[in-house]
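Everything below concerns the one structure shown next.
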Amino acid sequence: MASSSSSSLLFPFFLILFSCLIAVSSSRRSLIDRTLPKNLPRSGFRLSLRHVDSGKNLTKIQKIQRGINRGFHRLNRLGAVAVLAVASNPDDTNNIKAPTHGGSGEFLMELSIGNPAVKYSAIVDTGSDLIWTQCKPCTECFDQPTPIFDPEKSSSYSKVGCSSGLCNALPRSNCNEDKDACEYLYTYGDYSSTRGLLATETFTFEDENSISGIGFGCGVENEGDGFSQGSGLVGLGRGPLSLISQLKETKFSYCLTSIEDSEASSSLFIGSLASGIVNKTGASLDGEVTKTMSLLRNPDQPSFYYLELQGITVGAKRLSVEKSTFELAEDGTGGMIIDSGTTITYLEETAFKVLKEEFTSRMSLPVDDSGSTGLDLCFKLPDAAKNIAVPKLIFHFKGADLELPGENYMVADSSTGVLCLAMGSSNGMSIFGNVQQQNFNVLHDLEKETVSFVPTECGKL
């Protein structure tokens, strides 16, 4: 067992499971002639987030397995599509591929669209840009929990022309000259897809913040069941079509509660309210608790928020991993993204192997090889309940060292008698997942190009 100075005591154990979409975009265009939407709240606004499995009679381990299964296609596709984006010549129409997105999502927000406003639930996704919902007349639509939006019944609906900045910002679009309308196509890692017209509408958030002129996709051909838990998607990525970019906001944050908290909701803060909440929370804590690290840009994947991971410490030992393992290569491959839509953290496979070996050597529990949880590394819990020491886990980012609380990387399940590391391996790109982000207020400052972590009881905000 590791010494107390290099271990975290875990009792009880907690887990948060949060997954939305990851989008892979090859767009290099900017939104150059876009007017600002109207009626923007000066101080920003707050939105509640709801987990797709909330209210269901599921054990914790069942929620973990469902989240991992929902993210399976996204993880497998991510590296391959990133390589494809680099290999393709943007000027060669034979090589251009429709951008591939991750698939199903796990957290939803409630909003309304149109005038009169119609309520619907949307997947929240920091890994993509486009905002979209299913629209009538649907030639092919998947089941959704709310009525399909009918643009003919909304007085504020307006199609986007082919020469508009919104249309030019799409990674792939087609001009319907008969309708003078911009058509889009998005395909997803689980082979779901949406196709339709780009338009502008009035969106209402939390029943009080109505903002007109927001560009969105009105999908009329939608295949697959990857989005059946919601009625569309709201992208929060770095590209010009995301909600953040369209609102011309430079800050947003999210604060994710534990999945075991059945009463409190998670929160999304947009605008100056985001930094205000972070500053207020940080001021109430002792010491230098706010950890701020740099964001990187990848021209080949402009939607993603890349972190510069420089190393990892397990217990008291910094892992012997080549510096290039986590680097964003000149050809746009590799690197690490921070993503609220990926359940657990995935490390490049050579780095994860080293971490797994070090973790195993520092635990006093026997390894569980049953594979019953779907996680790569699990240990057998003792029959008698007791506090269990686990190695500390520190991520060394450029600008800050982030030491995680034990519940953000260890998951216990009493029904199966196992204690598991909430991490896995990936091929190429690494992902800092949302389990590691739970009960932090995670502030994205797009002007400073930084991400800040502030320890926060998210359910009490």
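Starting from 1, each residue takes its place in the sequence as its number. These values consider heavy atoms only, across backbone and side chains, with no hydrogens, waters or symmetry-generated copies.
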Kindly state each residue pair satisfying salt bridge (Lys or Arg N to Asp or Glu O under 4.0 Å) with at least one member in residues 450-461, sequence neighbours excluded. Glu457-Lys460
Does the pair Glu206 and Glu110 meet the rule for a side chain to side chain contact (heavy atoms under 4.5 Å, CB included), with working shown? CA-CA 7 Å; Glu206 296 293 307; Glu110 303 296 325; 5.6 Å; no
Can you sort out the partners of Asp401 under side-chain hydrogen bond (donor to acceptor under 3.5 Å, both in side chains), two or more places apart, ordered by chain and number? His396
Report the residues that fulfil side-chain hydrogen bond (donor to acceptor under 3.5 Å, both in side chains) with Thr133, sequence neighbours left out, ordered by chain and then residue number. none
Test item: side-chain donor near acceptor, Thr202 and Ser212, under 3.5 Å: no
Under 30°, 30 to 60°, or over 60°: which ring-plane class applies to Phe205 and Phe45, parallel, tilted or perpendicular? parallel
Calculate, to the nearest 0.5 Å, the distance between atoms CG and CE belonging to Leu347 and Met429 respectively. 13.5 Å
Would Lys291 and Glu403 count as a salt bridge (Lys or Arg N to Asp or Glu O under 4.0 Å) here? Give the steps. CA-CA 10 Å; Lys291 303 294 184 179; Glu403 180 177 342; over 6 Å; no
Under the rule for salt bridge (charged side-chain N to carboxylate O under 4.0 Å, His left out), what residues qualify as partners of Asp376, not counting sequence neighbours? none
For the pair Glu249 and Leu243, evaluate side chain to side chain contact (heavy atoms under 4.5 Å, CB included) and give the outcome as yes or no after the intermediate values. CA-CA 9 Å; Glu249 295 289 0; Leu243 179 63; over 6 Å; no
If you take the centroid of each ring, where Trp contributes its six-membered ring, are Phe432 and Phe395 closer together than 6.0 Å? yes
Counterpart residues, side-chain hydrogen bond (donor to acceptor under 3.5 Å, both in side chains), relative to Ser158 (two or more places apart): none
Is it true that Ser275 and Asp445 share a donor-acceptor pair across their side chains at a distance under 3.5 Å? no
Decide side chain to side chain contact (heavy atoms under 4.5 Å, CB included) for Ile123 and Val234; before the verdict, give the C-alpha distance in whole Å, the side-chain angles of both, and the deciding distance to 0.1 Å. CA-CA 6 Å; Ile123 296 164; Val234 173; over 6 Å; no
With a 2.5 Å cut-off on the SG atoms, do Cys255 and Cys458 make it? yes
Assess whether salt bridge (Lys or Arg N to Asp or Glu O under 4.0 Å) is satisfied between Glu449 and Arg238, documenting all intermediate values. CA-CA 11 Å; Glu449 296 200 327; Arg238 300 175 86 171; 3.6 Å; yes
For the CG atom of Leu236 and the OG atom of Ser128, what is their distance to the nearest 0.5 Å? 8.0 Å
Describe, in one word, how the ring planes of Tyr254 and His444 are oriented to each other, choosing from parallel (under 30°), tilted (30 to 60°) and perpendicular (over 60°). tilted
Give a yes or no on whether a salt bridge exists between Arg195 and Glu140, defined as a side-chain N under 4.0 angstrom from a carboxylate O. no
Using only the SG atoms, establish whether Cys182 and Cys175 come within less than 2.5 Å of one another. no
Please give me the minimum heavy-atom distance between Leu108 and Val124, naming the atom from each residue. C-CG2, 4.3 Å
Under the side-chain hydrogen bond (donor to acceptor under 3.5 Å, both in side chains) rule, collect the residues that match up with Glu349, sequence neighbours excluded. none
